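Given the structure is predicted, the values throughout are model-derived calculations rather than measurements. Keep in mind that the numbers below use all heavy atoms, side chains included, and drop hydrogens, waters and symmetry copies. Chain A is the first sequence line, chain B the second, and so forth, proteins listed ahead of strands; every chain is numbered from 1.
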Amino acid sequence: MNLLQEIQRLSSEIISADQLEKMLAKSAASGEALRVKFGIDPTFTDVHLGHAVPIRLLRLFQKHGHLPVLIIGDGTARLGDPTGRNDQRPPLTVEDVERNAATYLEQIGTIVDLSEGKCEVRRNSEWFGAMDFFDCLKLASSSTAARLLERDDFKKRMKENLPVHLHEMMYPLMQGLDSVQVRADVELGGNDQLFNLHMGRQMQERADQRPQVCITTPLLLGTDGRKMSKSYGNHVGLNADAADMYGKVMSLSDDGMEDWFRLATDFNDEEIATLLAGHPREAKDKLAQTIVSGIHSEEAAKAAAVAFVAQFRKKEVPDDIPLKTVDASSYSLPVLMKNVGLGQSTSEARRLIQGGGVRINGDVVNDVKHKVEVIAGEEPFLIQAGKRRFVNVQAN
RNA sequence: GGGGAGAUACCUAAGUGGCCAACAGGGAUGGACUGUAAAUCCAUUGGCUCAGCCUUCAGAGGUUCGAAUCCUCUUCUCCCCA
């Protein structure tokens with residue numbers, strides 16, 4: 001498989017493949033690396049496996065000698081890419097943005113080599129911070145309302161009578177200006193970024209630059225088959241610990257495995273076909289171990305797999321249970337549970353108890369009035385809530 | 001600027017004076033079954049010192065024995081006209 005084919009395997013749309021082919025050929029001949037732009041907005045801290053798909057593609061370019069240009073959207077973060085949610089994002093402070101950016105780079109660094117000369121990291125506040133209102137007007141004049149309203153997300157919201165704020169409409173222009181500023185040859189982005197990527201092309205043309213090739217990557221769906229999102233809890237965070245990550249992948253629906261193998265591992269198509277032909281559980285174990293190995297280590301992945309089997313198939317109690325201490329006293333169970341973090345409120349704990357989901361030292365307790373004596377100097381005892389929350393409790 | 005419609009719990013969405021902590025669906029959580037898959041079934045889904053009490057229906061006031069429901073003002077959104 002040549003590079004172009006490999007790129008195509010990991011992408012859903014390339015504008016245009018012909019242009020990319022020519023660029024690659026030219027670059028190979030001249031030895032001049034392509035500048036491959038990828039932008040991220042440090043609006044939150046959790047980068048998940050879905051975000052990793054374009055980053056893995058970026059790594060592919062890097063492996064072939066091209067230069068990743070990572071844009072930290074510390075300017076655009078001020079507004080956040082419009083998503084159609086109508087909740088107002090609280091404005092991020094400079095510190096938030098910096099902290100998020102640092103976390104992002106750390107997590108991205110597990111996939112792409114960020115070292116000097118191998119990668120270029122830019123912040124778009126570099127140019128946005130220097131613009132005054134008249135510059136903004138000039139930026140705004142580079143497109144039209146009709147053009148911007150073509151964007152799916154805006155179109156949809158207009159149709160549903162939801163607000164579309166003016167500043168949101170500036171977002172694609174800002175992202176486009178990034179491309180002009182860094183003279184991108186190629187820009188990568190998720191499926192939903194196509195419009196923004198196009199805007200970069202258009203704006204580069206206006207600035208007399210060669211328009212970038214736009215490549216979008218398929219959306220990696222969450223473990224439940226819906227869009228991967230932290231708010232659905234169906235995501236696999238890149239900063240999750242090995243055990244958690246392994247467990248999350250194991251909860252993936254069978255239908256999702258093929259995509260996950262292709263987009264989140266390095267197996268080739270034949271290997272994937274072979275794996276999928278076997279027992280789904282075995283295939284998923286392979287998938288989970290491979291993903292955990294890539295981000296943590298092979299040993300961590302093996303350990304996670306062993307612990308997982310023990311805990312969920314043999315229903316054993318895991319080894320590393322957090323120990324919480326409370327004042328020695330007599331507690332009603334719901335209150336004690338809330339105090340040790342098993343539940344947000346006593347009402348929630350009460351529900352868990354009534355639902356039969358609470359065990360003390362292995363025995364189900366379904367009496368909400370159950371009293372627990374925590375006595376100084378005694379061995380800790382175990383409270384389990386649901387399948388996977390364990391806490392040891394002891395008097396402090 | 002003028003006129004009209006609307007804001008209900010995580011989401012969608014009923015409710016137009018007492019039967020409302022608020023129908024229904026989704027989601028989520030717990031349980032059964034299992035491969036922490038899917039499908040299915042059951043329960044729960046504001047808080048608390050839990051047979052009771054307290055705080056919720058955009059916000060602030062008001063009417064009433066009693067308001068998510070009626071009135072006034074405010075904020076926000078959408079539509080039509082200018």
Participant: Which nucleotide, if any, forms a Watson-Crick or G-U wobble pair with B:C33, using both distances under 3.5 Å?
Facilitator: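 In the structure as shown, B:C33 has no Watson-Crick or wobble partner.
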Participant: Given the P atoms of B:C81 and B:U16, what is the spacing between them in whole Å?
Facilitator: 33 Å
Participant: In whole angstrom, what separates A:Lys387's NZ from B:C33's P?
Facilitator: 10 Å
Participant: What interatomic distance, in whole Å, is found between P of B:G18 and the corresponding atom of B:C23?
Facilitator: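 Approximately 16 Å lies between the P atom of B:C23 and that of B:G18.
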Participant: Look at all strands and tell whether A:Arg226 reaches a base, only sugar-phosphate, or nothing, counting heavy atoms closer than 4.0 Å.
Facilitator: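 Sugar-phosphate only.
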Participant: Distance check, P atoms only: B:A24 and B:C71, in whole angstrom units.
Facilitator: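 Comparing P positions in B:A24 and B:C71 gives a spacing of 29 Å.
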Participant: May I ask which nucleotide in the shown strands pairs with B:C19, Watson-Crick or G-U wobble, both distances under 3.5 Å?
Facilitator: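 No nucleotide pairs with B:C19.
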Participant: Would a single hydrophobic cluster contain both A:Leu219 and A:Trp260, if residues Ile, Leu, Val, Met, Phe, Trp and Tyr are joined by side-chain heavy-atom contacts under 4.5 Å?
Facilitator: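 Result: no, two separate clusters.
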Participant: Would you name the heavy atoms of A:Met250 and A:Ala288 that are closest together and state the gap between them?
Facilitator: SD-CB, 4.1 Å
Participant: In a check of side-chain hydrogen bond (donor to acceptor under 3.5 Å, both in side chains) between A:Glu187 and each of A:Arg201, A:Gln193, A:Gln175, which one passes?
Facilitator: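 With A:Glu187 as partner, A:Arg201, A:Gln193, A:Gln175 yield a single side-chain hydrogen bond (donor to acceptor under 3.5 Å, both in side chains), made by A:Gln175.
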Participant: When rounded to the nearest Å, what value does the distance between P atoms of B:C53 and B:A58 take?
Facilitator: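 Comparing P positions in B:C53 and B:A58 gives a spacing of 25 Å.
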Participant: Answer with yes or no whether the hydrophobic clustering places A:Ile360 together with A:Val374; edges join I, L, V, M, F, W, Y residues whose side-chain heavy atoms lie under 4.5 Å apart.
Facilitator: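 Same cluster.
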Participant: Expressed in angstrom and rounded to an integer, what is the separation of A:Met257 atom CE from B:G35 atom P?
Facilitator: 14 Å
Participant: Let's see if you get this right: which residues in residues 260-296 of chain A place a heavy atom under 4.0 Å from RNA chain B?
Facilitator: A:Pro280, A:Arg281, A:Lys284
Participant: Could you state the CZ-P distance from A:Arg389 to B:U29, rounded to the nearest angstrom?
Facilitator: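 My rounded result for the distance is 10 Å.
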Participant: Does A:Gln62 reach the main-chain N or O of A:Leu67 with its side chain, forming a donor-acceptor pair under 3.5 Å?
Facilitator: no
Participant: Identify the nucleotide, in any strand shown, that forms a Watson-Crick or G-U wobble pair with B:U45, with both distances under 3.5 Å; if there is none, say none.
Facilitator: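 Paired with B:U45, as far as the under-3.5 Å criterion goes, is B:G27.
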Participant: When you compare B:A28 with B:U75, how far apart are their P atoms, in angstrom units rounded to a whole number?
Facilitator: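 Approximately 39 Å lies between the P atom of B:A28 and that of B:U75.
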Participant: Base, sugar-phosphate or nothing for A:Gly386? Non-hydrogen atoms, less than 4.0 Å.
Facilitator: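 Sugar-phosphate contact only.
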Participant: Counting Watson-Crick and G-U wobble pairs only, both distances under 3.5 Å, name the nucleotide matched with B:G6, or none.
Facilitator: B:C76
Participant: Out of B:A28, B:A38, B:U77, which nucleotide sits closest to the side chain of A:Ser253?
Facilitator: B:A38
Participant: Considering every strand shown, what is the Watson-Crick or G-U wobble mate of B:U64 when both distances are under 3.5 Å?
Facilitator: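 Across any shown strand, B:U64 pairs with none.
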Participant: Any salt bridge linking A:Asp178 with A:Arg122? Criterion: basic side-chain nitrogen under 4.0 Å from a carboxylate oxygen.
Facilitator: no
Participant: P atom, B:A22 versus B:A32: distance in rounded Å?
Facilitator: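 Pairwise P distance, B:A22 against B:A32, rounds to 28 Å.
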Participant: Would you call A:Asp152 and A:Lys156 a salt bridge, taking side-chain N to carboxylate O under 4.0 Å as the test?
Facilitator: no
Participant: State yes or no: are the ring centers of A:His66 and A:His64 separated by less than 6.0 Å?
Facilitator: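 So the answer is no for these two rings.
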Participant: How does each nucleotide of nucleotides 46-58 of chain B score, in 5' to 3' order, for protein heavy atoms under 4.0 Å: base (B), sugar-phosphate only (S), or none (-)?
Facilitator: -SBSB--------
Participant: How long is the line joining CE of A:Met158 and P of B:U77, in whole Å?
Facilitator: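 In whole Å, B:U77 P and A:Met158 CE are 14 Å from each other.
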Participant: Mapping A:Leu252 and A:Gly357 to their closest nucleotides on RNA chain B, which lands nearer the 5' end?
Facilitator: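 Mapping each residue to its closest nucleotide by heavy atoms, the 5'-most match is A:Gly357.
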Participant: Write down the distance separating the P atoms in B:G61 and B:C11, rounded off to the nearest Å.
Facilitator: 25 Å
Participant: What are the two closest non-hydrogen atoms of A:Gly343 and A:Glu348, and how far apart are they?
Facilitator: CA-OE2, 3.7 Å
Participant: Go nucleotide by nucleotide along RNA chain B from the 5' end; which of A:Phe312 and A:Gln354 gets its closest nucleotide reached first?
Facilitator: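 First, find each residue's nearest nucleotide; the 5'-ward one identifies A:Phe312.
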Participant: Which pair of non-hydrogen atoms, one from A:Gln204 and one from A:Ser179, has the smallest distance, and what is that distance?
Facilitator: NE2-O, 3.3 Å
Participant: Write down the distance separating the P atoms in B:G35 and B:U45, rounded off to the nearest Å.
Facilitator: 31 Å
Participant: Is the positively charged end of A:Arg151 above the ring of A:Phe154, judged by distance under 6.0 angstrom from the centroid and angle within 45° of the axis?
Facilitator: yes
Participant: What closest approach, in Å, do A:Met203 and A:Ser142 show between heavy atoms, and which atom pair accounts for it?
Facilitator: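 In this case the closest contact between A:Met203 and A:Ser142 is CE-OG, 3.8 Å.
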Participant: Identify the nucleotide, in any strand shown, that forms a Watson-Crick or G-U wobble pair with B:C57, with both distances under 3.5 Å; if there is none, say none.
Facilitator: none
Participant: Figure out the CG/C1' separation between A:Asp254 and B:A38, and round it to whole Å.
Facilitator: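 It is 7 Å, rounded to the nearest whole Å.
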Participant: With the side chain of A:Pro163 defined as its heavy atoms from C-beta on, choose the nearest nucleotide among B:U77, B:U34, B:G35.
Facilitator: B:U77
Participant: Closest approach to the side chain of A:Leu352, judged atom by atom: which nucleotide of B:A37, B:U29, B:U36 is it?
Facilitator: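 The closest nucleotide is B:U29.
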Participant: Using whole Å, report how far NZ of A:Lys227 lies from P of B:G27.
Facilitator: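 Whole-Å distance recorded here is 18 Å.
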Participant: Rounded to whole angstroms, how far apart are NZ on A:Lys248 and P on B:U36?
Facilitator: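 Atom-to-atom, A:Lys248 to B:U36, this comes out as 16 Å.
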Participant: Taking CE from A:Met250 and C1' from B:U36, how many angstroms apart are they, rounded to a whole number?
Facilitator: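 That distance rounds to 8 Å.
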